[in-house]
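Read through the structure below, which is laid out as structure tokens, and then see the notes.
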Amino acid sequence: MSLSRREFLRRNSLTGLSAVLSPGLLAEAVPALAPISKGTSGISTDLAALGGPPLRTKPWPTWPIWNPETDEKRLLEVIRSGVWSRASVVSEFEEKWAATVGAKRCLSVVNGTNALIASLAQFDIQGGDEVLVPAYTFIGTVAPVLAVGAMPIFVDVERDTFQMDPAQIEARITPRTRAIIPVHILGLPSDMTRILPIARKHNLIVIEDACQAHMAEIDHKQVGTLGDAGCFSFQNSKNLAIGEAGAIVSNNDAFMDRCFSYHNYGNPYGTVSGVIGIGTLMQGTKLRLTEYQAAIGLAQLERLDQQTALRNANAAYLKAKIEKIPGILPYRLYDSVTRAAFHLFPFRYEPEAFKGLSREQFLKALTAEGIPCSGGYTPLNKMPFLNDAFESKNYQKIYPKEMINYNSYLENNQCPTNDLLCQEAVWLSQSMLLGSQTDMDDIAHAIEKIHGQADKLVMKK
Ligand SMILES: *Cc1c(COP(=O)(O)O)cnc(C)c1O
């Protein structure tokens, strides 16, 4: 082998190491490339964004995970039984999810969005009511508030935790405020220790949006069980993936009975009861899960605890490595957090420490090195869907003019910290955290590589 190291890396970056080299050749070539096998290689090669070899070409763990041997038996049984609508497998999934999170009751529904809609509706949150939501979240938190005709009010967030800032909640409370939706965003628990007393003081319903936070804990109690109700999503990307599905958990029997009735057209259930034969009792809709979705959920649930442990271990390892790099500021967890879910691994990026390299260029450069990443959310509190709701017939009829004046709404819902956070966040996905420690090393080395040569990318621009 007379290839120079640079030439070797260049060629292999194009075709992939295993494709060019037979196992025999690989064994021969590796000793000459010692840094590669130590996992610290590639830091000083040219940046992939400038035509150099990517630091990593190995694929990342894929998502969702499906093991035909262990997972398919139950699913096939369901399909072959012909019982596809809600029956015993859905009930079993609900019992297991309630037991997993430590809640008295669980109701499965079609998705996390509708888990939130049902919860808001069954706590009687309607037109004219205000609901506090954090600015740093997914549209799936806010759309349900509008769906029940209520008014979302945005609370600014903390820059280092990415969560709703408890210190800013009270300034947003008015006589119309009925509920608060703390969101355990990115799978990092929100500061419930401070939020719950504020909610109690102002008599607010607390609906936790735990759609990204399966099995995350505060003081050894799982999120979703700390407020009046908790909502989960089992959409394909989520830490427990069914494709589309969601759940409501709560210890409040009367509320859960109403949710069940609501998800089944308002037909009698539990304490929602009337004279036999009278028919549908309350307003409802149809949100029922299918048996085959529940069978998939039961299979995924077998792995969730172990996967959550692995994500926590890898996240802690990666955090300790990258927080030493100037300009890389990973998330902070509250002291009360005993476990996170890490639906995403977030850090903030400071261009000043990278010779002024913009976040967009950094994201491109990191992706080019074989580390997929994204910049995350853009501010929801400024998006046109809010004005669309305000211009609807229902909002025009229900709300006084000053409450649905879009310009004053924008003015009253400013969240300057969230604006900054949306410009500086960098996310890595939960499935990357299911890799090995060497995979985490690759992430850190790729960031170090860009940090070391940022001037070249800035010059290119
Ligand atoms: C995914 C998600 C939702 C909505 O859940 P779906 O199952 O996709 O409807 C709501 N809130 C947050 C924070 C989410 O991440």
Side-chain angles (χ1 to χ4, degrees), residues 63-64 93-94 97 106-121 131-148 150 152 154-155 157 161-164 179-192 195 206-216 223-224 226-227 229-249 259 263 285-290 293-294 296-297 300 304 311 331 340-346 374 376-381 383 385 418 421-422 425 427-431:
W63 188 262
F93 177 73
E94 290 172 342
W97 186 248
C106 167
L107 174 73
S108 61
V109 290
V110 288
N111 54 40
T113 306
N114 276 283
L116 285 160
I117 294 174
S119 299
L120 287 162
V131 178
L132 303 177
V133 294
Y136 197 75
T137 188
F138 178 58
I139 180 75
T141 307
V142 184
V145 178
L146 296 173
V148 298
F154 289 92
V155 178
V157 295
T161 64
F162 296 73
Q163 307 298 316
M164 175 186 270
I180 181 164
I181 307 183
V183 183
H184 308 290
I185 200 68
L186 315 180
L188 315 180
S190 193
D191 195 356
M192 298 302 284
I195 294 171
V206 179
I207 300 170
E208 294 174 75
D209 180 340
C211 287
Q212 300 186 1
H214 313 75
M215 297 193 87
V223 303
L226 306 164
C231 294
F232 291 89
S233 167
F234 308 122
Q235 185 271 340
N236 226 51
S237 69
K238 303 295 160 85
N239 291 16
L240 193 147
I242 297 183
E244 299 290 352
I248 305 164
V249 300
C259 286
H263 108 302
T285 182
K286 197 171 161 196
L287 306 172
R288 298 183 326 219
L289 205 66
T290 61
Q293 286 174 296
I296 293 173
Q300 300 295 347
L304 180 63
R311 288 189 192 99
Y331 62 88
F342 292 105
H343 179 58
L344 291 144
F345 178 104
S374 85
Y377 296 131
T378 46
L380 276 174
N381 55 325
M383 286 187 193
F385 71 91
N418 182 60
L421 195 53
C422 289
W427 291 356
L428 305 172
S429 85
Q430 53 88 7
S431 52

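Counting starts at 1 for both ligands and their atoms, in listed order.
- Exactly one of Gln300, Gln212, His214, His343 qualifies for a side chain to side chain donor-acceptor pair (under 3.5 Å) with Asn239. That residue is His343.
- Remark: side-chain polar atoms of Gln430 are not paired, donor with acceptor, to backbone N or O of Arg311 under 3.5 angstrom.
- For the ring pair (Phe, Tyr, Trp, His ring centres under 6.0 Å) test, residues two or more places apart in sequence or in another chain that qualify with Tyr136 are Phe162, Tyr377.
- A donor-acceptor pair under 3.5 Å is absent between the side-chain atoms of Glu244 and the main chain of Asn111, judged by distance alone.
- Ordered by chain and residue number, the residues placing a heavy atom less than 4.0 Å from ligand 1 are Asn111, Gly112, Thr113, Thr137, Phe138, Gly140, Thr141, Val183, Ile185, Asp209, Cys211, Gln212, Ser233, Gln235, Lys238, Ala245.
- Side-chain atoms of Trp63 come within 3.5 Å of backbone atoms of Asn236 as a donor-acceptor pair (strictly under, hydrogens ignored).
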Exercise. Yes or no on side-chain contact (heavy atoms from CB on, under 4.5 Å) for Asp191 and Thr161, after CA distance, side-chain angles and deciding distance?
Worked result: CA-CA 9 Å; Asp191 195 356; Thr161 64; over 6 Å; no
